[in-house]
> 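One structure is given below, represented as structure tokens, and several questions about it will come after.
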Number of protein chains: 2
Amino acid sequence: MNVSTNMAAEDATLTIAAAIGEPARARMLFCLADGRARTATELVLVAEVSPSTASAHLSRLKANDLVRVVIQGKHRYYRLESPDVASVLEGLSVLAGRGRATVASGAPDHLRAARSCYDHIAGTLGVSVHDRLTAMDWIAPSSRANDGVYDVTAKGAKALNALGIDIDALRTARRRFAFGCLDWTERRAHVGGALGAALLTLALERKWVSREHGSRALQVTASGRRAFAAHFGVHLGVRL
Amino acid sequence: MNVSTNMAAEDATLTIAAAIGEPARARMLFCLADGRARTATELVLVAEVSPSTASAHLSRLKANDLVRVVIQGKHRYYRLESPDVASVLEGLSVLAGRGRATVASGAPDHLRAARSCYDHIAGTLGVSVHDRLTAMDWIAPSSRANDGVYDVTAKGAKALNALGIDIDALRTARRRFAFGCLDWTERRAHVGGALGAALLTLALERKWVSREHGSRALQVTASGRRAFAAHFGVHLGVRL
DNA sequence: ACAACACTTCGTTGGAGATCGAAGTATGAA
DNA sequence: TTCATACTTCGATCTCCAACGAAGTGTTGT
């Protein structure tokens with residue numbers, strides 16, 4: 001039983017890796033890595049293959065639980081199945097980058113500083129926000145330790161509500177409320193789940209950050225710089 | 001420049017994924033995931049291919065910096081290039097396991113509890129040891145924050161030396177002294193690097209844990225249970 | 001009802017790469 | 001020296017799967 005389950009697990013793992021390791025599929029996945037959903041036609045364009053070929057690729061990605069699809073009228077919206085997929089993608093790219101580009105010192109600065117991971121904020125900005133939220137006791141590891149899930153404290157709920165985040169609404173969402181999402185480049189956690197998504201949405205709405213076209217990079221605006229300092233005590237130095 | 005580097009990075013990442021996503025190569029990598037080195041012939045056996053085929057696979061893995069080889073006489077010892085490779089392997093297997101086996105609730109218990117990751121202790125045991133070492137102020141994040149690297153405190157050096165770990169020797173080793181190695185199953189860090197390896201070696205020597213044949217699982221012995229409690233304050237309950 | 005669009009399914013083709021055996025190099029052992 | 005072992009390189013198959021176009025299903029708009 002031990003060996004056979006091991007075999008099966010290795011098999012499934014290998015299949016996942018193979019699914020990622022094909023140019024057209026990889027392009028699609030990287031395109032979805034910012035957490036936004038795209039139609040099949042949009043993915044046809046980034047994959048640079050015919051619609052029929054793209055369709056085959058997408059159904060394979062779906063079969064392997066790497067993407068999830070929601071049908072809306074005559075459009076099919078594809079998105080990553082979970083933030084974990086984005087994390088693994090990032091892990092692989094760290095491995096890929098280490099060989100020759102150690103000189104370049106990790107990711108490009110604008111990507112290190114702030115970027116989206118799935119639908120929340122990652123990079124040094126994301127990690128800093130996570131750390132401040134923890135330090136200020138706005139969020140705390142949930143009762144069941146070791147599973148990386150967070151709860152919002154009473155103090156945190158008050159403060160976040162004041163910022164315009166409806167904590168109660170978030171709690172009733174079907175997805176995990178908040179969890180520590182591992183960031184490969186930083187080797188630290190940032191806030192994922194419904195709360196993480198709400199924070200990114202807030203930051204985009206208030207124009208604290210803006211998405212860079214066709215990239216996961218986030219630009220922190222001048223007002224955003226002030227806002228992160230005022231609300232969270234996160235000071236984005238010019239360093240790095 | 002932005003787009004082109006993005007493309008190149010995606011290309012490299014995709015190549016890594018493809019390298020893992022081939023049955024024979026995946027079997028080799030999983031075999032090496034416990035951090036021990038094996039000869040090419042041993043890997044021929046686990047890959048279940050001819051020597052010539054295995055040779056081609058190994059040179060590809062080497063070209064992609066997934067494994068490193070050290071030639072010793074007429075033997076070639078292959079080992080994973082870094083703990084990061086093992087981590088990515090684990091990340092992929094978490095993705096693979098999530099689809100159908102959510103019912104089985106993550107990894108098998110004996111793997112969750114204690115296992116080797118590369119050459120250090122992972123699983124709940126590894127995470128607990130990491131947390132206790134931090135809580136007792138034996139290790140602390142190094143001056144350059146956010147890079148996941150740890151230093152040993154004076155207090156920690158004394159205590160670890162008393163346990164038979166030669167801290168000074170570890171410091172002169174070419175590899176990183178200690179860092180937080182991300183554990184996908186636990187979503188928490190355990191101690192990696194030279195210190196992590198030394199801890200596993202110590203635990204094996206003193207028979208606190210024993211390796212399970214052909215698996216990364218570690219069996220905690222009765223005396224190990226007592227030792228982890230006495231030396232580190234890690235109490236391995238019967239729970240889970 | 002009909003046309004335009006968004007995708008998928010099917011059947012065929014083509015090419016990359018996994019495989020092997022045979023032959024070659026290097027090390028160690030008798 | 002000679003044989004055996006450990007591993008690689010080379011050249012030739014062969015298998016798998018990505019690719020496409022053509023035809024199908026389903027949805028929206030007019």
Side-chain angles (χ1 to χ4, degrees), chain A residues 7 10-32 36-81 96, chain B residues 7 10-32 36-80:
Chain A
M7 288 297 182
E10 285 185 16
D11 243 44
T13 306
L14 154 189
T15 304
I16 298 287
I20 300 172
E22 196 279 332
R25 286 193 294 262
R27 281 193 288 270
M28 292 175 171
L29 289 171
F30 281 116
C31 174
L32 296 171
R36 285 183 286 187
R38 334 255 161 170
T39 65
T41 307
E42 288 175 307
L43 294 171
V44 161
L45 297 178
V46 310
E48 296 176 355
V49 289
S50 74
S52 56
T53 304
S55 181
H57 284 311
L58 284 168
S59 59
R60 166 145 190 202
L61 290 177
K62 195 162 106 52
N64 291 6
D65 289 312
L66 287 171
V67 301
R68 125 191 334 277
V69 60
V70 33
I71 300 176
Q72 222 166 83
K74 61 179 170 181
H75 292 282
R76 265 139 210 252
Y77 286 92
Y78 287 90
R79 51 162 56 232
L80 292 191
E81 174 68 31
Chain B
M7 289 296 181
E10 286 184 17
D11 244 44
T13 305
L14 157 188
T15 304
I16 299 286
I20 301 173
E22 196 279 334
R25 287 194 294 262
R27 281 193 288 270
M28 292 174 171
L29 289 171
F30 281 115
C31 174
L32 295 172
R36 282 183 287 187
R38 333 256 161 168
T39 65
T41 306
E42 287 174 309
L43 294 171
V44 161
L45 296 178
V46 310
E48 295 175 356
V49 288
S50 74
S52 56
T53 303
S55 180
H57 285 311
L58 284 169
S59 58
R60 164 140 193 208
L61 290 176
K62 195 161 106 53
N64 290 3
D65 289 312
L66 288 171
V67 301
R68 128 192 329 280
V69 61
V70 33
I71 301 175
Q72 222 166 83
K74 61 180 172 180
H75 292 282
R76 266 138 210 253
Y77 285 92
Y78 287 90
R79 52 163 54 231
L80 292 190

> Where is the tightest heavy-atom contact between A/Ala19 and A/Arg60, given as atom of each residue plus distance?
N-NH2, 3.8 Å
> So which one's nearest nucleotide on DNA chain C is more toward 5', B/Pro23 or B/Gly73?
B/Pro23
> Measuring from atom CG of B/Leu61 to atom CG of B/Leu80, what distance do you get when rounded to the nearest 0.5 angstrom?
9.5 Å
> In this structure, how many angstroms lie between the C1' atom of C/dT9 and the NZ atom of A/Lys62, rounded?
15 Å
> Could you state the CD1-C1' distance from B/Ile71 to D/dT8, rounded to the nearest angstrom?
11 Å
> Side-chain N or O of B/His57 versus OP1/OP2 of C/dG17: is the shortest distance under 4.0 Å?
no
> Counting only heavy atoms and a strict 4.0 angstrom limit, can you tell me which residues of residues 46-55 of chain A come near DNA chain D?
A/Val49, A/Ser50, A/Ser52, A/Thr53
> Find the distance between NE2 (B/His57) and CE (B/Met28) and round it off to the nearest 0.5 Å.
6.5 Å
> Find the distance A/Leu58:CG to D/dA18:C1' and express it as a whole number of Å.
14 Å
> When rounded to the nearest 0.5 angstrom, what is the spacing between NZ in A/Lys62 and CZ in A/Arg68?
9.5 Å
> Using atom CD1 of A/Ile20 as one end and atom C1' of D/dC17 as the other, report the distance to the nearest whole Å.
18 Å
> Can you tell me the distance, in whole Å, between the CD atom of A/Glu22 and the P atom of C/dA18?
13 Å
> Can you name the nearest heavy-atom pair linking A/Leu32 to A/Tyr78, along with the distance?
CD2-O, 3.5 Å
> Give one of base, sugar-phosphate or nothing for B/Tyr78, where a contact means two heavy atoms less than 4.0 Å apart.
sugar-phosphate
> Any side-chain heavy atom of A/Val67 sitting closer than 4.5 Å to one from A/Glu81?
no
> Check whether any side-chain nitrogen or oxygen of A/Arg25 sits under 4.0 Å from OP1 or OP2 of D/dA18, and answer yes or no.
yes
> What's touching nucleotides 2-6 of chain D from the protein side, N or O pairs under 3.5 Å?
unit_1, atom_1, unit_2, atom_2, d
D/dA6, O3', B/Lys74, O, 2.9

> In whole Å, what is the span from the CE atom of A/Met28 to the P atom of D/dA19?
9 Å
> Hey, what do you get for CD1 (A/Ile16) to CG (A/Leu66), rounding to the nearest 0.5 Å?
4.5 Å
> Rounded to whole angstroms, how far apart are CG on A/Leu14 and P on D/dC16?
15 Å
> Is it the case that the side chain of B/Arg38 and the backbone of B/Cys31 share a donor-acceptor pair, with hydrogens and angles ignored and the cut-off at 3.5 Å?
yes
> Nearest 0.5 Å, please: how far is CG in B/Leu43 from OH in B/Tyr77?
11.5 Å
> Tell me: CZ of A/Arg60 to C1' of D/dC16, nearest whole Å?
11 Å
